[in-house]
Amino acid sequence: MEPKTLFDKIWDSHVVRSIEYGPDVLFIDQHYIHEVTSPQAFNGLKERGIQVFRPERTLATADHNIPTINQHLPISDELSRKQVEKLAENCRTHGIELFGLNHPKNGIVHVIGPELGYTRPGMTIVCGDSHTSTHGAFGAIAFGIGTSEVEMVLATQCILQPKPKKMRIKVNGTLQKGVTAKDVIMYIISQLSTGGATGYFVEYSGTAITSMSMEARMTVCNMSIEMGARGGLIAPDEVTYRYLKALPEIAETFDWAPLILNWRELNSDPGAVFDRELEFNADHIKPMITFGTNPGMGIAIDDAIPTLDDIDGERSTSFMKSLDYMGFVPGMKLLGHPVGYVFLGSCTNGRIQDLRAFAQLVRGRKKAPGVTALIVPGSKLVEQQAIKEGLVEILEKAGFELRQPGCSSCLAMNEDKIPAGQYAVSTSNRNFEGRQGPGARTLLASPLTAAAAAVTGVITDPRELID
Amino acid sequence: MSKDKFTILESTCVPLPLENVDTDQIIPARFLSATSREGFGDNLFRDWRYDHNGNPNRDFNLNNPRYTGKVLVAGKNFGSGSSREHAVWAIYDYGFRAVVSSFFADIFRNNCLNNGLLPIVVPDKFLKDLLSLIERKPGTEVRIDLENQLFTILPTARSVSFDINSYKKECLMKGLDDIDYLLSLRNEIVSFEALKK
Ligand code: SF4
């Protein structure tokens with residue numbers, strides 16, 4: 001048999017039919033929905049007079065526009081409240097499980113899917129949200145879709161999709177102290193640019209990847225979309241199986257031995273052909289930070305912003321527009337630059353490991369005066385765990401408070417907006433103009449770098465603060 | 001449900017000569033709270049089109065009366081970032097029927113095709129020339145011939161052919177809808193599911 005990539009194995013086993021010179025009809029195992037990108041899809045079903053085809057394969061949560069304080073009160077923004085209510089109504093009508101606001105399992109869709117055991121190896125997973133790539137960390141094909149496609153899945157549990165090309169990115173070596181999975185993926189994106197992987201599905205491999213925890217792998221796969229890739233995935237291994245078997249939600253549900261035996265087939269065969277292969281060395285990766293208005297504009301934290309000499313002529317207009325927005329100039333260094341806001345959270349870095357990293361760095365230190373920190377767990381379960389482990393206590397002693405879960409300042413649909421002109425070191429995934437609020441200036445970084453800024457009030461190399 | 005048919009479009013263009021325009025710029029997140037598909041055009045490129053006080057930004061091409069038409073011509077890597085289909089609804093609702101660039105983000109491109117907005121990929125050099133021509137001569141008309149997959153700058157008669165997958169082309173030309181097609185496959189899907197178990 002011809003050697004196959006991991007991606008091909010999963011994709012091919014989910015093709016219901018291939019349309020000649022057209023897309024494949026792909027069967028979807030697990031569908032996630034949230035309040036913002038689903039209402040128009042449900043309207044579509046209504047106009048067609050049909051019900052959801054396989055309600056048990058869809059899971060819903062409210063996360064994008066919900067407040068992160070006083071969640072027990074009605075949502076004050078009327079449109080957001082209506083959207084959340086509409087989701088509940090649609091779920092009731094169609095018999096879809098909803099972990100809505102105030103539900104003990106509520107949280108960001110890409111945090112709860114994995115932590116509740118809905119995301120598993122070998123699956124096809126879609127959601128009307130581009131960071132669905134997160135779930136690829138379990139060895140699944142997971143990608144974001146538009147609302148018309150959400151309607152397709154609700155109506156038929158399938159979507160029409162052309163098969164993407166395949167890329168493999170190997171990262172070998174060992175991460176240095178103070179360097180996290182976030183830095184690895186930001187480094188890769190800075191090398192490829194925001195459109196560099198468009199058209200591809202990326203498989204990550206290599207020792208630096210396989211030695212990562214599941215949380216760290218999710219951070220890597222999460223940001224695949226920021227270099228244009230449809231998604232990213234990592235072959236499941238012992239780390240994956242151990243993580244899944246330990247999830248209280250599903251520990252007793254499955255007969256693990258035969259499942260794992262099947263999952264062991266889920267890897268790229270030796271000799272499998274990729275359309276593109278890249279290799280990076282983890283030894284050289286430093287803590288990263290962005291200076292511009294797309295995630296590809298990242299540098300090592302102690303580097304200087306590129307000068308116009310480094311930028312080819314055609315791109316200089318966009319480059320300068322971006323720096324103007326950020327209030328930076330070419331060639332300047334970021335270390336020591338004052339920061340008014342810090343955001344820890346999102347589906348990139350809102351998991352327990354991220355809170356632990358942040359707490360570990362701020363432990364015994366104090367929040368810098370003048371810094372506003374938004375610390376937002378990715379889910380209720382993460383929030384509970386942070387309380388149980390005493391992280392909340394550490395944070396409070398240092399002058400920080402934990403908010404309630406949600407997407408929050410990652411896209412600032414709720415009140416958690418960064419004011420115009422202010423700098424925010426954020427652990428989220430996008431630094432687009434206005435992403436964290438009109439005029440907000442986002443510097444993407446790891447939880448450690450965010451913590452270092454939170455206690456110093458300036459952009460600081462986290463390696464200086466950890467022993 | 002059938003959709004508008006797309007065959008031939010002749011129109012002037014609106015240029016947007018910026019690279020990496022992401023969907024957060026096309027429609028900022030704070031306007032995503034609606035539960036219908038209509039009305040997003042008002043907030044298309046909101047933060048570029050209007051200043052903080054809500055006054056139109058003179059420098060922005062959508063506010064420039066010299067630029068009108070149903071074709072948006074944008075810089076490389078258009079539509080990256082969020083999967084929000086609202087971005088396409090906004091562009092369509094505003095009145096555009098085609099977007100031209102040298103490179104589109106994947107999800108955005110799919111979303112366009114699913115909503116009758118034609119994404120046209122042209123070579124870098126062609127795009128550059130087209131943008132500068134429109135800026136010099138704002139009334140420049142172009143012709144998009146979907147059947148023959150041909151994009152022509154009318155005054156100069158310079159043409160390029162563009163790619164589109166033949167299934168999608170047929171859907172656009174006949175106004176066919178993917179979901180109708182998928183629904184017709186339900187029996188096949190049920191058997192597939194049974195086999196998978
Ligand atoms: S946290 Fe941000 S990126 Fe993740 S799902 Fe929410 S809005 Fe999207």
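Chain A is the first sequence line, chain B the second, and so forth, proteins listed ahead of strands; every chain is numbered from 1.
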Pick whichever of [options] has the most heavy-atom pairs under 4.5 Å with chain B.
options: Asn65(A), Leu411(A), Leu160(A), Ile225(A); result: Leu160(A)
options: Val150(A), Ile145(A), Thr37(A); result: Ile145(A)
options: Glu78(A), Arg54(A), Glu35(A); result: Arg54(A)
options: Gln161(A), His131(A), Lys321(A), His64(A); result: Lys321(A)
options: Pro164(A), Cys158(A), Gly434(A), Gly228(A); result: Cys158(A)
options: Lys417(A), Lys86(A), Gln157(A), Arg430(A); result: Arg430(A)

Going by distance alone, is a donor N or O of one side chain under 3.5 Å from an acceptor N or O of the other, for [X] and [Y]?
X: Asp63(A); Y: His110(A); result: no
X: Trp48(B); Y: Asn57(B); result: no
X: Thr194(A); Y: Asn294(A); result: no

**OP:** Using the six-membered ring of Phe96(B), assess whether NZ or CZ of Lys70(B) lies under 6.0 Å from its centre and within 45 degrees of the ring axis.
**Re:**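 No; the conditions do not both hold, so Lys70(B) does not lie above the ring face of Phe96(B).
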**OP:** Measure from NZ or CZ of Arg37(B) to the centre of the six-membered ring of Phe40(B), then state whether that distance is under 6.0 Å and the direction lies within 45° of the axis.
**Re:**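 Negative - Arg37(B) is either too far from the ring of Phe40(B) or too far off its axis.
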Per-residue contact mode, [X] against chain A (heavy atom under 4.5 angstrom):
X: Tyr181(B); result: side chain
X: Lys128(B); result: side chain
X: Lys169(B); result: neither
X: Leu185(B); result: side chain
X: Phe192(B); result: side chain
X: Gln25(B); result: side chain
X: Asp106(B); result: both

Original post:
Strictly under 6.0 Å, is that where the ring centroids of Phe103(B) and Phe78(B) end up?
Top reply: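 Between Phe103(B) and Phe78(B), the centre distance exceeds or equals 6.0 Å.
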Original post:
Hey, are Asp24(A) and Arg17(A) close enough for a salt bridge, meaning a charged N less than 4.0 Å from a carboxylate O?
Top reply: no
Original post:
How many angstroms lie between atom OG1 of Thr152(B) and atom CG of Leu154(B), to the nearest 0.5 angstrom?
Top reply: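 Nearest 0.5 Å value for the OG1-CG distance: 6.5 Å.
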Subject >> Pairs of heavy atoms under 4.5 Å with chain A: top-ranked of Gly81(B), Gly75(B), Pro17(B), Pro28(B) >> reply: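 Going by pairs under 4.5 Å, I would pick Gly81(B).
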Original post:
Looking only at heavy atoms, what is the nearest atom pair of Ser318(A) and Glu19(B), with distance?
Top reply: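 Where Ser318(A) meets Glu19(B) most closely, the heavy atoms are OG-N, 3.2 Å.
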